[in-house]
Amino acid sequence: MTIPAAELLDWYARSGRDLPWRDPALSAWQILVSEFMLQQTPVARVLPVWTSWVARWPTPSATAAASAADAVRAWGKLGYPRRATRLHACARVIADEHADVVPRDVDTLLTLPGVGAYTARAVACFAYGQPVPVVDTNVRRVVARAVRGVAEAGSPAAVRDHAEVAALLPDDARAPRFSAALMELGATVCTARGPRCAVCPLSRCAWRERGYPAAATPPRRAQRYAGTDRQVRGRLLDVLRASASPVRQHDLDLAWPDDEVQRNRALSSLLRDGLVQRTGDGRFALPGEG
DNA sequence: CTCCAGCGGC
DNA sequence: GCCGCAGGAG
């Protein structure tokens, strides 16, 4: 089964959200920033952070001129703050090695910090109009259902997914809009839980025609958060983000007072990840300040 | 495969 | 309370 481009594109033109990073006048850098922020993060939470970020740092070199600490602060509480340091590192590489121009081809994009299989193709497609398959979690789910007739995409199989989506892509200038529409359908209609099949624009869907078979494999165990090292890292970063100057060990201890072993483990991992640095006098700060 | 933040929705 | 989110790296 396939997905008729006209059907999907008509629905997208009518019902797609008007998201700012879909403005065709945007620079490749502004689109790249949106893709970093959208990694594992819902659109609604990215909107305000992206808007202020690209206004403050409109080019890679402008971003590179700031400190990594400023990048981490501007990242706010989007989550996965290593993305902020990777985006900052990515800006430096583009400014220093690519004449401040975001690379066009997928292989070069893949060499950039924080740019993986999804982001490289998203930039090549949405910023430069190339008809490469853009495969995120939404696309994998939509294709699994509409084309293959199964409830879930299963374990990531990048090569197979890319070939499958490439076969669906219209081979013309509609390709970027087709990919954006696939993602939009997965985000707003063909959702992981509670898909709204009654309003689906696709006239044919293998999953529906097979009677909505349940997933074959049991769902993966949910990620815990409360009590994990990730929560402790978040607390420690809260302290550092809030302080304009380096903080003492004692100030970090107060952020997670009851488990010294876990606190030290979290702090060590932050130092290892480059999200925190030790100053000359033994205090702690965000990277690139103090 | 595991870790990585944070939050809104059910 | 748990689920899932425009993923990437080790």
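Keep in mind that this is a model prediction, so the values were computed, not measured. Side chains are part of it too, since the values below use all heavy atoms of this structure and drop only hydrogens, waters and symmetry mates. Convention: sequence-line order gives letters A, B, ...; per-chain numbering from 1.
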Are a donor atom and an acceptor atom from the side chains of [X] and [Y] found within less than 3.5 Å of each other?
X      : Y      : answer
A/Q39  : A/Y118 : no
A/Q30  : A/W21  : no
A/R233 : A/S269 : yes
A/S179 : A/R121 : no

Can a side chain N or O of [X] be found less than 4.0 Å away from OP1 or OP2 on [N]?
X      : N     : answer
A/Y118 : C/dG7 : no
A/R224 : B/dG6 : no
A/Q39  : C/dG7 : no

Round to the nearest Å and state the distance from [X] atom [atom1] to [N] atom [atom2].
X      : N     : atom1 : atom2 : value
A/M183 : C/dG4 : CE    : P     : 18 Å
A/R82  : B/dC3 : CZ    : C1'   : 7 Å
A/R86  : C/dG7 : CZ    : P     : 14 Å
A/L237 : B/dG6 : CG    : P     : 7 Å
A/R140 : C/dC5 : CZ    : P     : 11 Å
A/Y80  : B/dA5 : OH    : P     : 8 Å
A/R230 : B/dC7 : CZ    : C1'   : 12 Å
A/L87  : C/dG8 : CG    : C1'   : 13 Å

Contact class for [X] vs. all strands (heavy atom < 4.0 Å): base, sugar-phosphate, or nothing?
X      : value
A/G79  : base
A/T137 : sugar-phosphate
A/A180 : nothing
A/V115 : sugar-phosphate
A/A192 : sugar-phosphate
A/T191 : nothing
A/R265 : nothing
A/R233 : sugar-phosphate

Write down the distance separating the [atom1] atoms in [N] and [M], rounded off to the nearest Å.
N     : M     : atom1 : answer
B/dC4 : C/dC5 : C1'   : 14 Å
C/dG4 : B/dA5 : C1'   : 14 Å
B/dC7 : C/dA9 : C1'   : 23 Å

Would you mind telling me which of B/dG6, C/dG7, C/dA6 lies closest to the side-chain atoms of A/T119?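 Closest nucleotide among those given: C/dG7.
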Among residues at least two apart in sequence or on other chains, which ones pass side chain to side chain contact (heavy atoms under 4.5 Å, CB included) with A/D238? A/K77, A/R241
Taking A/T111 for the side chain and A/D107 for the main chain, is one N or O donor matched with an acceptor at less than 3.5 Å?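 Pair absent, no side-chain N/O of A/T111 close to backbone of A/D107.
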Donor-acceptor under 3.5 Å (A/R83 side chain, A/G79 main chain): yes
Check the pair A/T137, A/R141 against side chain to side chain contact (heavy atoms under 4.5 Å, CB included), reporting the backbone distance first and the verdict last. CA-CA 6 Å; A/T137 185; A/R141 184 177 55 253; 4.2 Å; yes
In sequence, state the C-alpha distance, the side-chain angles, and the governing distance for A/Y80 and A/R230, and then conclude on side chain to side chain contact (heavy atoms under 4.5 Å, CB included). CA-CA 9 Å; A/Y80 295 145; A/R230 289 155 62 193; 3.8 Å; yes
Do any of residues 4-27 of chain A sit with a heavy atom less than 4.0 Å from DNA chain C, and if so which?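 Hits under 4.0 Å, by residue number: A/L19, A/W21, A/R22.
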On DNA chain C, more 5' by nearest nucleotide between A/R193 and A/L110 is A/R193
Donor-acceptor pair present, A/R45 side chain and B/dG6 base, under 3.5 Å: yes
